[in-house]
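Predicted, not measured: the structure shown is a model, and the values here were computed from it. Reckoned from all heavy atoms, side chains included, excluding hydrogens, waters and symmetry mates.
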Amino acid sequence: MREVSIKIPDTKFNFFMELMKQLGFEVTHKYEIPEEHIAIVRERIKEDEANPDQIEDWDKVKDQFKLDM
């Protein structure tokens, strides 16, 4: 199988994706994350590691959201 990378105008993206699905092509999305954003996330992780009592278990937090709705 071959892989092709193309650039699509934002205004045509939804149409193109639907067309690819209708034609039976495998479609994957690749997003580029700016280095600045990566640095921000890494800094937040370091802060959380320094303050472990601020970290909450995702399963418990997720259950709280379900109860609120």
Visitor: Donor-acceptor pairs under 3.5 angstrom involving side-chain atoms of residues 12-22: please list them, not counting sequence neighbours.
Guide:
from	atom 1	to	atom 2	distance (Å)
E18	OE2	Q22	NE2	2.8

Visitor: Roughly how far, to the nearest 0.5 Å, is CD1 of I40 from CD1 of I33?
Guide: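 Output value for this atom pair is 12.0 Å.
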Visitor: Report the distance from atom CD of E56 to atom NZ of K62, rounding to the nearest 0.5 Å.
Guide: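 The NZ atom of K62 is 14.5 Å from CD of E56, to the nearest 0.5 Å.
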Visitor: Kindly work out whether a path of hydrophobic side-chain contacts (I/L/V/M/F/W/Y, heavy atoms less than 4.5 Å apart) joins I45 to I38.
Guide: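 In one cluster: no.
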Visitor: Please report the interatomic distance CD(E26) to CD(E3), rounded to the nearest 0.5 Å.
Guide: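 One gets 9.0 Å once the value is rounded to the nearest 0.5 Å.
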Visitor: Any Lys/Arg nitrogen of D63 or K60 sitting under 4.0 Å from an Asp/Glu carboxylate oxygen of the other?
Guide: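 Looking at K60 together with D63, the answer is no, because their closest N to O distance does not fall below 4.0 Å.
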Visitor: Check the pair V4 / I6 against side-chain contact (heavy atoms from CB on, under 4.5 Å), numbers first and verdict last.
Guide: CA-CA 7 Å; V4 176; I6 61 171; 3.8 Å; yes
